[in-house]
Amino acid sequence: MQIRDKVVVVTGGGNGIGRALSLRFAAEGARLVVVADVDEDNGFNVVQQIERGRGAFFACNVADEEQIRFLFETVGEMNGGIDIFCSNAGIGVAGGPEAEDDLWIRSWNVNVMAHVYAARHALPQMLKRKEGYFVQTVSAAGLLTQIGSAPYSVTKHAALAFAEWLSITYGEQGIRVSALCPQGVRTNMLMKAEFAGGAFLLDTAIEPEQVADAVVQGIAEEKFLILPHPEVAKYFQNKANDYERWLRGMRKLQKTTEIMGKSADSPHGPQ
């Protein structure tokens with residue numbers, strides 16, 4: 001699919017990857033880029049950087065189905081439908097089974113149900129037109145795992161599974177799906193270490209604009225997996241080829257990150 005002259009919605013569009021996607025879609029000639037976010041200040045700031053009349057802000061909490069429904073009704077009816085929906089908003093929290101229920105539930109609602117709500121309200125219109133595109137920001141954690149965060153790992157695996165299901169079920173009816181699976185990206189989530197275990201990703205972290213480059217190419221090629229970090233494909237293959245070896249390697253990596261964390265917490269800093 002080509003982006004030019006399309007109506008595009010980007011959730012979490014006020015920051016990080018979402019911001020880069022919004023600006024890049026506008027640069028690619030999208031007819032309208034709708035920046036949807038709970039962060040109104042940054043959302044409006046992104047729209048101000050888009051040519052007048054081709055950008056709009058929509059306050060939206062993606063974990064609330066009624067707000068998603070209202071977004072589709074408003075944007076869709078005013079513009080003859082939504083062509084590309086980038087379900088990009090996501091959160092990361094620390095912990096394992098001991099994490100509070102509200103953190104698990106919030107992770108599930110934002111990282112999984114937001115994709116479900118988007119599909120629920122977009123599909124009827126897209127299927128009628130026999131054309132539509134979902135770009136779902138999943139993360140390499142959906143293919144691999146995330147050390148230090150069970151809620152993030154679990155919900156990102158679920159998000160990938162839903163993207164696969166959509167592609168399989170509706171691919172022959174004109175619906176295209178891409179799962180965006182970057183590793184470390186220099187966004188607030190990584191730079192502020194919103195969950196433990198992510199520090200090792202800083203060394204290979206890329207800029208959000210590089211992710212946007214990969215997405216534009218992926219949409220043009222209608223690829224399911226968009227991997228801004230090409231090495232993730234190798235890691236995924238290693239996991240599939242020898243699961244036990246991969247698990248052992250991840251345990252070693254976890255131990256290394258734990259040592260790094262203790263060192264960083266010492267009064268002398270990393271040793």
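Note that the coordinates shown come from a computational prediction; the quantities given were computed from them, not determined experimentally.
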Carefully, step by step, assess Lys156 and Gln146 under the rule side-chain contact (heavy atoms from CB on, under 4.5 Å).
-> CA-CA 9 Å; Lys156 290 301 185 178; Gln146 177 58 55; over 6 Å; no
Please lay out, stage by stage, how Val34 and Ile82 fare under the test side-chain contact (heavy atoms from CB on, under 4.5 Å).
-> CA-CA 10 Å; Val34 178; Ile82 295 170; over 6 Å; no
Show the numbers, then the answer: is there a side-chain contact (heavy atoms from CB on, under 4.5 Å) between Met1 and Glu131?
-> CA-CA 9 Å; Met1 178 180 280; Glu131 183 179 52; 3.6 Å; yes
List the steps, then state whether salt bridge (charged side-chain N to carboxylate O under 4.0 Å, His left out) holds for Glu28 with Arg24.
-> CA-CA 6 Å; Glu28 291 292 319; Arg24 182 59 188 274; 3.0 Å; yes
Could you check Gln49 against Asn45 for side chain to side chain donor-acceptor pair (under 3.5 Å), going step by step and ending with a plain yes or no?
-> CA-CA 7 Å; Gln49 298 178 59; Asn45 180 267; 2.9 Å; yes
Verdict with reasoning, Asp39 to Asn15, per side chain to side chain donor-acceptor pair (under 3.5 Å) = CA-CA 8 Å; Asp39 184 343; Asn15 298 277; 3.3 Å; yes
Verdict with supporting geometry, Arg120 and Ile68, side-chain contact (heavy atoms from CB on, under 4.5 Å) = CA-CA 10 Å; Arg120 183 178 292 167; Ile68 290 288; over 6 Å; no
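Residues Lys234 and Asn238 meet the side-chain proximity criterion, which asks for heavy atoms closer than 4.5 Å. Looking at heavy atoms from C-beta onward, Glu65 lies in side-chain contact with His121 at the 4.5 angstrom threshold. Using a 4.5 Å heavy-atom cutoff, the side chains of Tyr117 and Leu71 are not in contact. Counting heavy atoms from C-beta outward, Leu143 and Val138 have side chains that stay 4.5 Å or more apart. Between Asn42 and Asp37 there is no side-chain heavy-atom pair separated by less than 4.5 Å. Two residues are said to be in side-chain contact when any heavy atoms from C-beta on lie closer than 4.5 Å; Cys181 and Phe236 fail this criterion.
Val154 and Val116 sit in two unconnected hydrophobic clusters of ILVMFWY residues. Membership requires side-chain heavy atoms under 4.5 Å apart, directly or through other members.
In summary, of the residues considered (Val9, Val215, Val33, Val8), a side-chain contact (heavy atoms from CB on, under 4.5 Å) with Ile84 occurs for Val8 alone. Evaluated for a side-chain contact (heavy atoms from CB on, under 4.5 Å) with Val110, the options Thr155, Ile91, Ile105, Thr11 yield exactly one hit, Ile91.
Around CZ of Arg106, the count of heavy atoms belonging to other residues, nucleotides or ligands within 6.0 Å does not exceed 12. Within a 6.0 Å sphere centred on CD of Glu172, heavy atoms belonging to other residues, nucleotides or ligands number 12 at most. At most 12 heavy atoms of other shown residues, nucleotides or ligands fall within 6.0 angstrom of atom CZ in Arg245. Crowding of Phe224 atom CZ: a count of heavy atoms from other residues, nucleotides or ligands under 6.0 Å exceeding 12. Atom CG of Asn241 has more than 12 heavy atoms from other residues, nucleotides or ligands within 6.0 Å. More than 12 heavy atoms of other residues, nucleotides or ligands shown are found within 6.0 angstrom of CH2 on Trp104.
Taking the six-membered ring for Trp and thresholds of 30 and 60 degrees, Phe72 and Phe85 have nearly parallel ring planes, at less than 30 degrees apart.
Between Arg69 and Glu73 there is a salt bridge, since a side-chain N of the basic residue sits under 4.0 Å from a carboxylate O of the acidic one.
The shortest heavy-atom contact between Leu144 and Lys239 is O-NZ, 3.3 Å. In terms of heavy-atom proximity, Ile50 sits nearest to Ser22 at CD1-O, 4.2 Å. Residues His115 and Phe162 come closest through the heavy atom pair O-CE2, 3.5 Å. When all heavy atoms of Val47 and Phe57 are compared, the closest pair comes out as CG2-N, 3.7 Å. The two residues Leu227 and Ala233 have their closest heavy-atom pair at CD1-CB, 3.7 Å. Here the closest heavy-atom approach between residue Ser107 and residue Pro151 is recorded as OG-CB, 3.8 Å.
Rounded to the nearest 0.5 Å, atoms CD1 (Ile219) and CG (Leu21) are 8.0 Å apart. Atom CD of Gln136 sits about 11.0 Å away from atom CG of Asn88, to the nearest 0.5 Å. A distance of 4.5 Å separates OG1 in Thr137 from CG in Leu180, rounded to the nearest 0.5 Å. To the nearest 0.5 Å, atom CG of residue Asp102 and atom CG of residue Asn109 are 11.0 Å apart. A distance of 5.5 Å separates CZ of Arg251 from CG of Leu247, quoted to the nearest 0.5 Å.
Glu66 places no side-chain N or O within 3.5 Å of a backbone atom of Asp64 that could act as its donor or acceptor partner. For Gln173 (side chain) and Tyr170 (main-chain N/O), no donor-acceptor pair under 3.5 Å exists by modelled atom type. Judged by distance alone, the side chain of Asp5 and the main-chain N or O of Arg31 form no donor-acceptor pair under 3.5 Å. A donor-acceptor contact shorter than 3.5 Å is absent between the side chain of Arg19 and the backbone of Val46. Counting only distance, with no hydrogens or angles, the side chain of His229 and the backbone of Gly184 share a donor-acceptor pair below 3.5 Å. For the pair His157 (side chain) and Ala141 (backbone), a donor-acceptor distance under 3.5 Å is present. Without hydrogens or angle criteria, Arg176 side chain to Gly171 main chain gives a donor-acceptor distance under 3.5 Å.
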